[in-house]
Amino acid sequence: MDIFLTYLIVFLVGGLVCMIGEVLIITTNITSARILVTFEMLGVLLQAVGVYEYISDFAKAGVNVPIIGFGASLAKGAIGAVKTNGFLGIFTGGLAATAGGIAAAIFFAFIFALIFKSHTKK
Amino acid sequence: MEREQTIILKNKPKIVGFYAIAGPKEGKGNFGPYFDYVMKNDHFGEDTFEKAERKMMETALSGVIEKSKLTAKEIDLMIGGDLLNQIISSSYAARAFEFPFIGVYGACSTMAESMAVGSVLIDGGYCKHIVCCTGSHFSTAERQYRFPLELGNQRPPTSQWTVTGAGACVLSKEGDGPHISSVTFGKVVDWGIGDVNDMGAAMAPAARDTMLNHFKNTNTKPEDYDLIVTGDLGKLGAEILVDLMEEEGYKLGVNYGDCGQMYFKYNQNTLCGGSGAGCSATVLNSYILKKFKEGQYKKVLFMPTGALLSTTSSQQGDTVPGVCHAIVIEA
Amino acid sequence: MEDKQRNLQYNRYVNSKIPKTHPWPTLFYSFIVGGLICVLGQGINDIIMVLFPYMSQASAWAITLIVLIFLASFLTGLGIYDQIGKFAGGGSIVPITGFSNSIASPSIEFKSEGIIYGICVKMFTIAGPVIVFGTVSSVLVGFIYWIIGMF
C-alpha cells in the first residue's frame, strides 16, 4: 500500500510540474530551451534557499526527474563543495555533481548521431 | 498621384510548358492528382535533404523543358529562387544545365517574382525562351528557420507547413498556351507583426497593398477574374486579407482562394495550411495551368506573398516584413 | 506616428483572429506523459536500490537519470520522441528526457555537415543555455554560501 501511495504521489507531482510547463508554452509561446532553463533555475533557487530537500523527500521522482532536479543538484553540489573545499568548491561543485547527466547526454547523443539519420515529420 | 507599379505587357508572353513535383505528404493533399511527379520519400534518393531539394529542382527543370518540346540549349535564361541561404538549390540546379541564370529571392513569392521578371524580358524582346523555377523542402526549411526535426516541440496554432515541392514553367515569345497580360511588382510592407509563427498575418498587408494597386492600375474588380489566388497566407492570413479588402470596398468572394489554405486535407495536421516557395509554385504549375488547358479558367490573378525575414532579424527583435508580386494570366 | 497607430491596431485585430485551440487535451496529455516519465524514473530508482542496497541515494539518482537520458536519446534517434512531444508538449520537455532530446536532436540533424562542424558544434544549439545558466547559477550559489561561511 505504501509503495502504491509513493508512486501515486510521484505521478501526480511529476504530472503537475510538466503541466505547468505546458501552461507556460500555451500562454506565452516560449521555446523549449527557455522552458528547460526556467525550470532548472527554479530548482537552483529551491535548493539555494534550502527547501528542495523537503519537497524531494515527499515527491521523490516527481521532482527529481523533471529538470528541476538537475538544477537542484547543481546548487547542492556547489553548496557542499564550498563547505569541504572552500573557495575552489565555488567553481567545481555544480558541474561535478551533475557530471553524470551531462556526460551521458553528450555521449549518447554523439553515439546515436553516428548511428541514426533524422526523419521527416509526419 | 500614386506610383504605378503595374506593367501592361503588349506582346503577350506565353506559358508554353509547366511541371510540378512534390513530396509524399503533398501528394496525399488536395492537389495530389495534378502533380506531374510525386516523390516516394523526402530524401529522393539523396543522403541530405538539401541535395534532395536540389534534385527536385533539377527534375522540375528537365521535366518542363521536355514538356515544352525544347532542348536546354534553346533556353536563353533561367530565373529562379528558393528559401535556403544564398539560394543554393536554384544556383546548383542551374549549374547542371549550363544556361544563364538570374537568382531571385522573394521568399514564398519567388514564383511570381521570377515569372514577372521573365515575362517583362520576353515582352521587351530580349529573350525567346525563359524557364522559371522555384522550390522548397520542409526538412531544409525547418532546420534553417526553426528547430531540428527530432526535437519534441509543439507547433503553435498559427504555424504553417512548408511544402516539399518544386514548380517550373517555360515562358516563350511564341507558342501555344495562356499568356501573361500584366505584372505588378509589390512594395515591401510591414505592419509590425513580430511573431515568426504567424506569417499569414505578417504578409496579408503586403497582399492588400499589391492588390489595391493592381485593381486601380488595371481598372478591374475582383469579379473580373475567374480566380484570384494568393500564395501561402494560410487560413488565418486569407481571412485577414478578405477583411482588409472589404475595408477598402472590394469584396473577395468565392473566386478568391489561397494555395496554402487549400493545399492540405483537413486531417493532415498542418494547422494553418501550407507555405514555402514550393507551395504556390506547385499549385500554379499543376492545378491552375491545367485548368487553363481544359478551358475552365480564362483570367487568373496569381499573387503569392513572401515573408522577408531571416533568423538573424527575428532574433534581433525585428518585425516581419512581407512582399507580394502579382501576375495576370489570361487564356 | 500614424503608422505606429495602425500597426498597434492591426496587431490587436490579428490577436483577436488567431484560432483559439482548446488547451485541455494537451494539458491532459502533458500531465499523463510527464507523470508517467517520473513514475518510470521512480521505478528505475527502486530497482537500482533493490539490486545494490548499499548504494547511496545520490548515486542511485544519478544512475536513474543516466538511464532516462539513454532512453530519450535512443527514442530520439528512432524518431519516436518528437512524435511523443507533438501531443505531450511540456510533458516530454520538462523531464530530464527533454534535456536529452534537445541535445540528441540537433546532433542527429546536423550530422550531414560532418562530425566536427555538424554533430559536435551544433550539439548545444538548444541545450547550451541550460548548461550555461546552470553553471553560472551554481557558481553564484557557491559564492554566496562561501561568503556566508566566512562569518
Side-chain angles (χ1 to χ4, degrees), chain A residues 6-7 10-12 14-19 21-23 25-26 32-33 35-37 39-41 44 48 60-62 64-67 69-71 74-75 77-79 81-83 86-87 89-91 93-95 98 100-102 104-106 108-110 112-113 115-119 121, chain C residues 23 26-27 30-39 41-42 45 61-66 68-70 73-74 76-79 82-83 89-91 93-96 98-100 102-104 107-109 111 119 123 126-127 129-131 133-135 137-139 141-146 149:
Chain A
T6 310
Y7 276 76
V10 166
F11 179 73
L12 290 179
L16 195 70
V17 169
C18 294
M19 203 170 82
E22 181 63 25
V23 169
I25 293 174
I26 291 177
S32 54
I35 286 280
L36 286 170
V37 170
F39 278 83
E40 185 193 27
M41 289 302 106
V44 171
K60 295 191 170 66
N64 282 348
V65 171
I67 194 129
F70 187 78
L74 279 164
I79 295 164
V82 164
K83 280 186 184 138
F87 182 77
I90 298 174
F91 293 97
L95 283 184
T98 51
I102 295 173
I106 293 173
F108 293 129
F110 186 76
F112 290 131
I115 299 171
F116 294 108
K117 254 183 167 182
S118 65
H119 306 68
K121 289 205 175 192
Chain C
T26 38
L27 286 183
S30 67
F31 182 82
I32 298 290
V33 173
L36 284 178
I37 293 173
C38 293
V39 166
Q42 186 67 43
N45 190 61
W61 277 116
I63 293 174
T64 305
L65 293 188
I66 290 171
L68 286 174
I69 285 167
F70 166 79
S73 329
F74 186 58
T76 304
L78 290 178
D82 68 302
Q83 294 186 27
I93 294 174
V94 176
I96 194 83
F99 172 66
S100 174
S102 66
I103 290 187
S107 314
I108 295 167
E109 178 84 26
K111 181 192 186 177
I119 298 178
M123 190 176 265
I126 294 163
V130 177
I131 292 172
F133 266 84
T135 309
S137 64
S138 81
V139 169
V141 170
F143 184 71
I144 292 165
Y145 271 76
W146 183 67

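Each chain gets a letter, A, B and so on, in the order the sequences are listed, and its residues count up from 1.
- Under the 3.5 Å distance criterion, the side-chain polar atoms of Lys83(A) are left unmatched by any main-chain donor or acceptor of Trp146(C).
- With rounding to the nearest 0.5 Å, the separation of CZ in Phe133(C) from CE in Met41(A) is 6.5 Å.
- Contacts of Leu68(C) with chain A are made by side-chain atoms alone, with heavy-atom separations under 4.5 Å and no backbone atom involved.
- With a 4.5 angstrom heavy-atom cutoff, Val82(A) touches chain C only via side-chain atoms.
- In this structure, chain C has heavy atoms under 4.5 Å from both the backbone and the side chain of Ile106(A).
- Nearest heavy atom pair, residue Ser30(C) against residue Glu22(A), reads OG-CB, 3.4 Å.
- Of the residues considered (Ala33(A), Ala104(A), Gly94(A), Pro66(A)), Pro66(A) shows the highest number of contacts with chain C, using heavy-atom pairs under 4.5 Å.
- Per-residue heavy-atom pair counts under 4.5 Å with chain A were compared for Ile69(C), Val130(C), Ile96(C), Ile37(C), and the maximum is reached by Val130(C).
- Between chain C and the options Gly71(A), Ser118(A), Gly21(A), the largest number of non-hydrogen pairs under 4.5 Å is found for Ser118(A).
- If you measure heavy-atom distances from Leu78(C) to chain A, the contacts under 4.5 Å come from both the backbone and the side chain.
- In terms of modelled atom types and a separation under 3.5 Å, the side chain of Tyr145(C) and the main chain of Ala48(A) share a donor-acceptor contact.
- Contact count against chain A (heavy-atom pairs under 4.5 Å) is highest for Val139(C) among Ile131(C), Leu65(C), Thr26(C), Val139(C).
- For chain C, the nearby part of Ile35(A) is the side chain; its heavy atoms alone come within less than 4.5 Å.
- Interface residue Trp61(C): only side-chain heavy atoms are found under 4.5 Å from chain A.
- Using a 4.5 Å cut-off between heavy atoms, Leu74(A) touches chain C through backbone and side chain atoms alike.
- Contact of Ile93(C) with chain A is made through backbone and side chain together, with heavy-atom distances under 4.5 Å.
- For the residue pair Ile26(A) and Pro23(C), the shortest heavy atom distance occurs at CD1-CB, 3.8 Å.
- Ring geometry for Phe112(A) against Phe70(C) counts as tilted: the plane angle lies between 30° and 60°, on a 0 to 90° scale.
- Only the side chain of Phe70(A) comes within less than 4.5 Å of a heavy atom in chain C; its backbone stays farther off.
- The candidate with the highest count of non-hydrogen atom pairs below 4.5 Å against chain A, out of Gly134(C), Pro129(C), Gly149(C), is Gly134(C).
- Remark: Ala104(C) pairs with Ala109(A), Ser73(C), Thr76(C) by the side-chain contact (heavy atoms from CB on, under 4.5 Å) rule, at least two apart or across chains.
- Between Phe87(A) and Phe143(C), the ring centre distance reaches or exceeds 6.0 Å.
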